[in-house]
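Before any comments, here is the structure.
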Amino acid sequence: MSLANTSRSYGSVSKWFHWLTALLILTVIPLGLIANSLAEAIVNPDIPTTDAQVARAALLFSMHKTIGVTIFFVALARIIWTLVQPHPGLLNADNRPEAFAAETVHWLLYGSLVAVPLSGWIHHAATTGFAPIWWPFGQSLPFVPKSESLAAFTAGLHWILQWVLIGALVLHIAGAVKHHVIDHDQTLRRMLPGPNTAPEPPEQHRSALPPIAALIAWGAAITGGAMIGAFNHGAHEHGDHHHEEASQLAEVQSDWQVEDGSLGISVIQLGSKVDGSFADWTASISFDAPDAPSKAGDVEVVVSIPSLTLGSVTGQALGADFFDATQFPTANFTAELYKTETGYEARGPLTIRDQSVDVVLPFDLALDGDRAEMTGSLQLNRLDFGIGQSMPDESSLAFDVEVAVSLTAKRGAE
């Protein structure tokens, strides 16, 4: 059997590409559908999650993503091979409507084999946390920032395009069966192993209409997906709706008014670091820098829990087994500020959910007249606050949670 194509037959390389792609697609689609079903339960804030559930979903998602990246490269190699090879003519070229449909479906298949895994890969690179790709590269992509809006958009795009791929695949299989069972021609046999017995194809009628029709089909699918909220669904999966639902904390009276700042957390899930932050928090600060180590002031911090974003696991983090944002919408830290020999410390109870733990937050402070810049961090154990009790070991989620705070404040500012 020849490696190369001819005008009437496919070579062994094309056949190998065809059946390898078919195997990968028929594996990756059910993996994705099952994994997504498990993930919907995991990110549902009202459903407790166990280590076993997270590990199972992560395994299936990692398999899905890794096979998806494999499909992307196989599809590129297949397209390059197709471009440098003769294209066996359609055996039904004389039937113009049927030939047009076949060519359109082929364009949809080739385009979707690139667009679907690429949109999924960009989504993975734009978000943080959950289910790594098993390739030795690919967790990040050049020119793809960590962005919730980009992750939400590509999540919706990936969902829409996968259904275009599935539809094109169903039509492709139906066409092959029709050729084999009803028409009794050699269309399917040309792609099967063994010698080719197909006749010379009739005169071909090449046209630009099939690729144009494929573009219209993609555009219609994306427009329809947008109309039914596919892109909003993608945003919800990444926690954007929590900002909309959370009521903003009221401003507080303070000797030092915070002008700018950030409150971030980092967790280790499945061996990978996931960074997040709280968008809404207030700090009431009373502070006078002493000349010697002693008490320097007080601070009361209130944090809006629903304002948290934590990559792809935001919904899970806000759920009943974790922060339980519905029942406990705020966290509080009431502390006394002390100057030490090496810097400063905030000492006092931190209350998350219904648990209070005395903590010490070391921080650095730079004073310039009535302006101050502060940075500090501390490490907490999530189990001390009853967070993630259904995950009593660190196989899926580490115990340690790192909290980092920075702010710029001005004395007496409004």
Side-chain angles (χ1 to χ4, degrees), residues 21 24-45 47 56-72 75 105 107-133 138-139 141 144-172 214-242 244 309-316:
T21 302
L24 292 173
I25 291 175
L26 294 176
T27 302
V28 79
I29 289 175
L31 278 175
L33 294 176
I34 296 170
N36 192 63
S37 177
L38 292 174
E40 287 180 356
I42 289 174
V43 301
N44 187 329
I47 300 177
R56 189 180 306 116
L59 173 64
L60 293 178
F61 263 120
S62 286
M63 292 172 64
H64 174 78
K65 293 177 182 181
T66 304
I67 295 173
V69 173
T70 303
I71 290 174
F72 175 76
V105 168
W107 277 99
L108 285 171
L109 280 173
Y110 277 112
S112 297
L113 287 173
V114 173
V116 173
L118 182 60
S119 60
W121 199 357
I122 294 174
H123 163 70
H124 174 86
T127 190
T128 57
F130 206 70
I133 296 173
Q139 309 307 323
L141 286 173
V144 177
K146 296 294 183 184
S147 165
E148 290 180 29
S149 58
L150 178 60
F153 173 77
T154 50
L157 187 64
H158 183 71
W159 184 84
I160 294 168
L161 294 179
Q162 76 173 357
W163 291 109
V164 176
L165 173 60
I166 291 172
L169 182 62
V170 170
L171 291 174
H172 180 67
L215 288 174
I216 293 173
W218 280 314
I222 293 171
T223 301
M227 291 177 65
I228 65 173
F231 297 107
N232 294 335
H233 176 70
H236 287 179
E237 288 181 342
H238 290 81
D240 291 351
H241 65 304
H242 297 293
E244 299 169 3
T309 56
L310 192 60
S312 59
V313 294
T314 302
Q316 180 186 1

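The nearest pair of heavy atoms linking Leu33 to Gln162 is CD2-NE2, 4.4 Å. Scanning both residues, Leu108 and Ala214, for their nearest heavy atoms gives CD2-O, 3.7 Å. Counting all heavy atoms, side chain and backbone alike, Val105 lies closest to Ala168 at CG1-O, 3.5 Å. Considering all non-hydrogen atoms of both residues, Lys65 and Ile133 come closest at CB-CG1, 3.8 Å. Closest of all the heavy-atom pairs between Gly68 and Val28 is N-CG2, 4.0 Å. Taking both residues in full, the closest heavy atoms of Leu161 and Val116 are given as O-CG2, 3.4 Å, listed atom of the first, atom of the second, then distance.
Rounded to the nearest 0.5 angstrom, Leu150 CG and Glu148 CD are separated by 11.0 Å. Atom NE2 of His124 is separated from atom CG of Leu141 by 8.5 Å, given to the nearest 0.5 angstrom. How far NE2 of His64 is from CG of Leu60: 10.5 Å, rounded to the nearest 0.5 Å.
Residues meeting the side chain to side chain donor-acceptor pair (under 3.5 Å) test with Trp218, sequence neighbours left out: Ser112. Under the side chain to side chain donor-acceptor pair (under 3.5 Å) criterion, Thr21 pairs with no residue at all, not counting sequence neighbours. Residues passing the side chain to side chain contact (heavy atoms under 4.5 Å, CB included) test with Ile216, sequence neighbours excluded: Ile212. With sequence neighbours left out, Phe72 forms a ring-ring contact (aromatic ring centres under 6.0 Å, His included) with Trp121. With sequence neighbours excluded, no residue satisfies side chain to side chain donor-acceptor pair (under 3.5 Å) with Thr27. In this structure His158 satisfies the side chain to side chain donor-acceptor pair (under 3.5 Å) test together with Ser119, sequence neighbours excluded.
Among the candidates Leu31, Leu26, Ile25, the single residue satisfying the side-chain contact (heavy atoms from CB on, under 4.5 Å) test with Ile29 is Ile25.
In this structure, Thr127 contributes its side chain and His123 its backbone to no donor-acceptor pair below 3.5 Å.
You'll find the side chain of Ile160 reaches within 4.5 Å of the side chain of Phe231, heavy atoms only.
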